[in-house]
Each structure stands twice: as structure tokens, then as C-alpha cells.
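The block underneath contains the structure these notes are about, expressed in C-alpha cells.
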Amino acid sequence: MSDDLPSTYDVIILGTGMVESIVAAAVARTGKKVLHLDPNTYYGQLWATLSLDSFELWAKTGTSNTKTLKGEDSFKSLSDKALKYYETQDERDCISDLTFNWNIVEDIPESEEEPKEENASGNEYSIKKIRDVSRKFNIDLAPKLLFAKGPMVEILIKSQVSKYVEFLNVNNILIYIDDAIERVPCSKSDVFSSKSVNVVDKRLLMKVLTSIQSYTEESPFFQEYENKTFLDYLKANLPEKFANFILYSIAAGDQNTPCLEGVQKAKKFLSCLGYYGNSPFLWPLYGSSELLQGFCRQCAVFSGIYCLNREVEAIAVEGDKYYGCASNGILLQSEHLVVSNSLLPQQFRGTGPSVKRAVLITDKSIFPEGKEGVSLLQYPTDDSAATILELSGNTCSVPKGLFIVQIVGNCLEEAIKNLFSEGGDDSKPKILYSLRFTLHQMECTGKLPENIHACPGPDFATDFDAEIRKAEEIFKKICPEEEFFAPLPPEPEPPSDEPDSPEEATNDA
Amino acid sequence: MANKAGPQRPNGTAQAKICQFKLVLLGESAVGKSSLVLRFVKGQFHEYQESTIGAAFLTQTVCLDDTTVKFEIWDTAGQERYHSLAPMYYRGAQAAIVVYDVTNQDTFGRAKTWVKELQRQASPNIVIALAGNKADLANKRCVEYEEAQAYAEENGLLFMETSAKTGTNVNEIFLAIAKKLPKSETIGGSGSGQGRRLVESDTTAKTSTSCCK
């Protein structure tokens with residue numbers, strides 16, 4: 001590869017995860033010169049969205065950390081300065097206990113009967129047939145949803161990165177309760193029109209939803225529950241089934257969620273209804289990594305330089321300040337370094353909490369009576385809960401007729417056992433392919449030079465709120481004087497037939 | 001600003017038909033991708049064009065007989081330089097212009113690679129045009145017209161030699177693409193992948209007809 005990267009920048013960003021990419025766009029917009037690198041050939045690291053081929057390759061290379069440390073001396077020749085070099089590590093350390101398998105035949109011999117349609121019945125799938133449409137898969141390593149009125153949506157609109165991405169509503173909000181999947185009535189109108197809720201319960205549910213929606217710091221209503229759990233409050237006011245609906249699906253909580261936290265989370269959910277249809281969540285077409293690619297594109301539009309498949313072997317520090325990055329035999333220099341936690345040198349990296357994840361390809365929806373699209377199912381158990389996201393063909397993440405199921409939570413085996421079949425039971429979706437792994441969060445443990453800014457990898461939350469907060473925090477350290485995604489001066493409109501008058505009130509057809 | 005999405009209105013059957021298409025530009029750095037867009041959209045040319053246009057994408061409309069074709073034109077923003085073009089760039093693109101520089105044989109070779117890349121990454125129905133740019137520098141020509149034309153014919157591409165500097169064939173190549181694009185399909189929005197775009201402080205659900213496959 002030709003080594004023509006310029007050698008000095010304001011900010012070098014190492015890793016194309018979500019937080020790094022948001023920071024990249026934010027700082028590039030202020031006019032800073034950005035270099036954005038990633039050791040992989042694709043965007044997103046552990047946030048990536050991959051075609052089936054790439055996903056299988058990712059699984060195969062699995063947990064093998066291929067990184068060999070070179071020793072500090074090998075970098076000494078890069079500069080005359082007295083620099084200390086810290087070698088970066090491999091993001092693969094975030095993955096453990098990875099297993100995968102296909103649950104269908106390798107190939108079906110060509111028979112006399114030509115298969116007519118792609119989405120024939122499940123039994124006819126073969127590995128070959130599915131691999132042939134590998135590109136129709138966009139499989140997320142870390143799928144997350146957007147709250148319709150959450151900070152990610154706000155930043156996407158403010159930055160205009162929203163122009164690059166299209167969304168679908170999450171149109172089935174479901175819960176597994178009493179051995180069955182049920183639709184959760186989310187809004188008051190859902191409750192009102194629900195046929196499965198009797199009149200008395202409707203009234204109780206309405207009352208609770210109204211109290212939650214009107215909650216403020218001063219609300220006297222919840223004060224007696226200050227030291228109790230949200231479940232205590234719900235059970236005191238609702239039959240158990242509906243208490244569970246609100247606790248698990250609307251507040252995304254568990255038995256231990258404190259009352260006020262539960263109320264706030266439920267209120268947030270409810271306040272996001274109605275902006276984009278009757279669902280509080282949005283899902284990006286083609287997968288979560290479209291968002292980070294959008295931020296990266298914006299960084300590029302503001303002259304950021306992009307170079308994938310490019311490793312930084314070591315981070316150079318001069319005294320107590322970061323100095324530059326050793327990469328491919330040259331030293332790239334910058335004022336600031338933004339780096340993924342997963343790549344941090346061992347002196348600074350520690351292992352944080354972990355969670356189990358599974359990705360399935362199935363032949364049927366978990367909730368066939370629901371609308372086609374995106375379904376979110378909460379699966380509570382006695383001591384924890386699993387969150388299940390199912391994507392159908394119209395999400396552009398999977399070929400028509402097949403489904404991608406993403407499961408997060410330490411009780412996922414129980415959920416898989418009860419919801420899916422490995423064959424034989426036609427009433428449940430059949431697992432054609434499955435992958436399981438444990439995802440560890442890396443944390444920054446040592447004291448980094450103050451001009452190095454570490455970014456967390458995917459956490460276990462359903463939304464992007466924490467990522468936006470972190471990106472803003474880093475942005476403020478790099479650009480203390482600037483507003484986070486300050487609006488741009490308006491682009492001059494291309495010539496158009498209609499004048500762009502603010503009072504275009506005459507087009508009600 | 002409330003009605004900027006006017007031309008996308010889904011039920012505008014009474015109006016002249018308006019179709020919107022995403023068009024992407026590909027080609028090596030410095031072959032004149034951005035210049036072609038600037039010439040087409042704004043009628044401008046800058047001898048020392050900065051390597052990117054500081055906008056998400058530009059739009060321009062072309063009028064055919066009974067249809068207005070609105071192009072949403074995406075530039076690589078320089079991400080092609082180190083082979084780091086994001087897959088989102090190709091998503092839903094219905095047309096592409098692959099640009100090379102007639103005075104530089106290498107860029108023609110690379111253009112062929114970009115065509116292959118499109119065939120691999122983009123929608124199978126994408127309309128591809130090949131543009132031999134900088135045709136005003138005929139005395140420095142390295143790529144023969146016939147050679148490029150033969151290649152384009154073999155691969156079912158539209159082909160023109162263009163000059164962003166003089167404007168030669170710039171409108172023409174966009175017009176040729178507009179003619180070749182399937183107009184009926186986009187309006188009804190066939191197939192998968194109908195999403196919605198986010199809209200600012202909009203309290204009612206709005207359905208976008210932007211369509212991608």
C-alpha cells in the first residue's frame with residue numbers, strides 16, 4: 001500500500017465504533033483536521049453490520065487474538081524525540097465463548113422440480129442456498145434501537161446525518177408471559193382499543209399510564225414509593241400481568257428497578273410515542289452500522305481522511321502527553337487521540353461487565369400475527385431478562401421469508417429453548433443458523449494522558465443514549481468553546497422552479 | 001420549509017410525475033467527479049476545486065416529456081482515496097456515473113474496477129454511465145474514445161466523453177441516465193426497503209416515498 005497519508009492532524013481517531021464516529025463528525029464540522037483509521041476492512045468494529053459471508057468469516061476468526069507485540073524498541077527509529085511507545089491491543093479480546101452452527105443440510109441436489117420461489121417452506125433451505133444470497137443479509141454485531149424523541153434522533157437531525165439513513169418503526173412491542181407471546185398495549189389508545197383487556201383493567205391501566213406520563217420531580221404520587229421498587233408500585237395498582245407489561249416492556253426494567261427510575265424510564269418510552277407512528281422506537285434500514293457510517297461520511301464531507309484496513313501498532317507518549325501514532329512504519333502526529341477502549345494498550349485496558357448474545361437465522365416469525373418488520377420482545381425470567389429483536393425481510397437485513405433474531409441477556413438459552421425449535425416442532429420458528437458469544441465491555445483502567453480520549457464499545461442498553469452522552473463529553477474536551485453539532489449555515493438551494501417562500505400555504509390538495 | 005418534501009408527496013397523481021433517484025459518483029481521486037456535479041447542479045467550474053463538496057449531497061432536476069426526474073447526487077467525499085468507501089454509499093443507488101480522466105490511462109483501468117465493484121455492491125438494476133472527463137484536454141489524451149466505447153458497450157454502460165470545464169456533455173450524460181431509469185417503478189415503490197426519513201419537530205407520522213432496493 002502506498003504510504004501517502006499526511007503526517008499531522010488535529011485529531012486522530014482510532015476505531016470506527018459508534019462513539020468514535022460521532023466524535024469524528026462533530027470535530028470535523030468545527031474545521032479540525034481529522035484522520036480516522038480502523039484496523040479492519042469494514043466499518044464499525046464491534047458495532048459492524050456484516051453480510052452473511054463476512055459474518056461467517058468474523059465468527060470463524062472468532063476469539064483468536066492474532067496480535068503479536070513487537071516490543072517497544074521496534075518503534076525507536078520513528079522519531080528522535082524521547083517517546084514512550086504503548087502497543088495497542090486487539091478488539092477480539094472483547095469476545096469469548098463463541099460457538100456457531102448450521103442446522104440445515106449443506107446442499108440440496110438439483111431435482112427435476114425446479115424450485116419456484118425463494119421463500120419456499122423452511123425444510124427446503126440449504127446452507128448453499130442461503131449463502132448464495134449472502135449480500136441480502138446485514139447482520140448486526142451490536143443492534144440498538146433509537147428512541148423516537150431520544151438524543152440520537154435529535155443529533156441525527158441536528159447534524160443532518162439523518163439525510164443518509166432511512167428508518168422503520170419497531171411495530172411489534174411484545175412480551176413473553178405465562179408461556180405465550182403477547183402484544184403490549186403501549187399507549188392509552190392501545191389500551192382503549194385492546195380487545196384482550198377488560199373494562200376494569202382498562203381503567204386501572206389508563207390511570208397508571210396517566211400518572212407516569214404526568215410525573216415530575218414534585219409529583220406527590222410516587223413519593224411513598226421512594227425506597228421501593230417500581231414493581232411494588234405497579235403491583236399495588238395493577239393486576240400482575242399488566243404490572244409485568246409495564247415493568248419489562250415499557251420501562252425495560254427488572255424486579256430490582258427502583259420506583260422512580262422505573263417511572264422515568266416508562267415516561268420516556270411513553271413520551272416517544274406518536275412521532276413516527278405508534279411506536280417509541282425506530283430501526284435503521286440495513287442495520288445499526290448505517291448510523292456510524294453516516295457520521296463517518298459527514299466527517300469525510302468535512303475533509304476528514306478515511307483509511308480502513310490500517311493499523312496503529314503503538315501510541316507514542318512524550319512525558320505525560322500523547323504525541324502520535326506509530327502506523328505502518330511512520331509516525332502520525334496529532335493534538336488529540338480518540339481511541340476505542342477495545343484497542344487500548346494493556347497498561348490502560350481492563351475487562352468490564354459482560355453479557356451473553358446470540359444471533360439466529362430462522363424461517364418464521366416469533367409473532368406471525370404481528371405486522372411485518374421489526375419486533376421487540378422482552379423475555380423476563382425469575383432472576384433476569386432477555387431482550388429479543390427480530391428483523392424480517394423488509395428491514396433490508398435479511399432475504400424475504402427469513403428472519404434475523406438478535407438476543408441479549410444471560411438467560412438467553414432459556415428463551416431460545418422456549419421460543420424456537422431445532423427441528424421437528426413446526427409450530428415454532430426453526431433455527432437454521434445460530435451463533436452465540438459472550439461480549440465483554442472493555443474499560444479504561446489506567447490514567448491516560450489527558451489528550452487521549454477513550455471510547456466505550458457497545459453496552460447492553462437498547463438505545464444509543466449513553467453513546468451520545470459520551471461523544472459529547474469527548475467533543476467538549478477537544479473543542480471546549482464549540483457547540484456539539486452546531487447548525488450549519490444553510491446551503492444555497494439549487495435552482496428550482498418554486499421559490500422557497502416561507503408561506504407555502506397553498507398546497508393543500 | 002414545511003413542504004420541502006413536496007415533490008415526494010405520495011399521492012401527487014394529479015401533478016406531473018416526479019421521480020426521485022439516488023445517483024452516486026465513482027472514480028479515482030482528481031478525475032473530476034465533484035466538478036461534474038458542480039457543473040451540472042450549479043453551472044460552475046473551479047480550476048482548483050477542493051477535493052470534496054461540503055454538503056450531504058446535491059440535488060438537481062431534469063425534465064423529460066411527462067416526467068420530472070430529481071437526482072439526489074452523492075459524492076464520495078474522498079472516502080475512495082484509501083479504499084474506505086462506506087457500504088451505505090451504494091445503498092439504494094439507482095444510478096451511478098463512473099468517471100475517468102481521458103488524459104490518464106490508470107484512471108480508466110480503475111474505472112473498470114469501480115464498475116465491477118458496483119456490480120458486486122449495488123442493486124442489480126442500477127443504471128451505470130461511464131464518463132471520460134477532461135475531454136477538453138484532447139492534446140494530452142491517453143484513452144482513446146473507441147477503446148472506452150467498446151468497453152462500455154460490452155458491459156451495457158452509457159458512455160460519453162465530458163468536460164466539466166467547458167460543460168460539454170455534462171447535462172447530456174445526466175439526461176441520458178434520466179431517460180434510461182425506470183420511471184414507473186419508483187413511484188409505486190416496489191419491493192423491499194421502504195423506510196422513512198427523520199423529520200424535524202414533526203408531530204404527525206409522515207411517510208416518505210424515498211425508495212431503495
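Throughout, protein chains are lettered first and strands after them, A, B, ... in sequence-line order, and every chain is numbered starting at 1.
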To the nearest 0.5 Å, how far apart are [atom1] in [X] and [atom2] in [Y]?
| X | Y | atom1 | atom2 | value |
| --- | --- | --- | --- | --- |
| B/Met88 | A/Tyr164 | CE | OH | 8.0 Å |
| A/Glu154 | B/Leu198 | CD | CG | 12.0 Å |
| A/Ile305 | B/Arg81 | CD1 | CZ | 6.5 Å |
| A/Phe167 | B/Arg196 | CZ | CZ | 11.0 Å |
| B/Tyr89 | A/Gln293 | OH | CD | 13.5 Å |
| A/His36 | B/Tyr82 | NE2 | OH | 15.5 Å |

Nearest heavy atoms of [X] and [Y], plus distance in Å:
| X | Y | value |
| --- | --- | --- |
| A/Leu285 | B/Gly195 | CD1-N, 3.6 Å |
| A/Arg297 | B/Ala77 | NH1-CB, 4.1 Å |
| A/Arg135 | B/Ala122 | NH2-O, 3.5 Å |
| B/Pro87 | A/Tyr43 | CD-CD1, 4.2 Å |
| A/Cys307 | B/Ser84 | CA-OG, 3.3 Å |

query = So, are A/Glu290 and B/Arg91 salt-bridged, with charged N and O less than 4.0 Å apart?
reply =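 Yes.
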query = A/Leu146 versus chain B, heavy atoms under 4.5 Å apart: side chain, backbone, both or neither?
reply = neither
ask   = Where does A/Asn278 contact chain B at under 4.5 Å (heavy atoms): side chain, backbone, both or neither?
value =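 For A/Asn278, no heavy atom lies under 4.5 Å from chain B.
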Residue pairs involving residues 112-128 of chain B (criterion salt bridge (charged side-chain N to carboxylate O under 4.0 Å, His left out); sequence neighbours excluded) = B/Glu117-B/Arg120
request  = For residues B/Arg197 and A/Val165, determine if any side-chain heavy atom of one lies less than 4.5 Å from a side-chain heavy atom of the other.
outcome  =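 No, every pair of side-chain atoms sits at 4.5 Å or beyond.
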ask   = So does B/Lys180 have more than 12 non-hydrogen atoms from other groups sitting under 6.0 Å from NZ?
value = yes
key: Partner set under ring-ring contact (aromatic ring centres under 6.0 Å, His included) for A/Phe281, not counting sequence neighbours   = A/Phe147, A/Phe269
query = Side chain, backbone, both or neither: which part of B/Gln121 has a heavy atom under 4.5 Å from chain A?
reply = backbone
request  = Just do the side chain to side chain contact (heavy atoms under 4.5 Å, CB included) check on B/Val199 and A/Tyr276 with the steps written out, would you?
outcome  = CA-CA 9 Å; B/Val199 278; A/Tyr276 299 97; 4.0 Å; yes
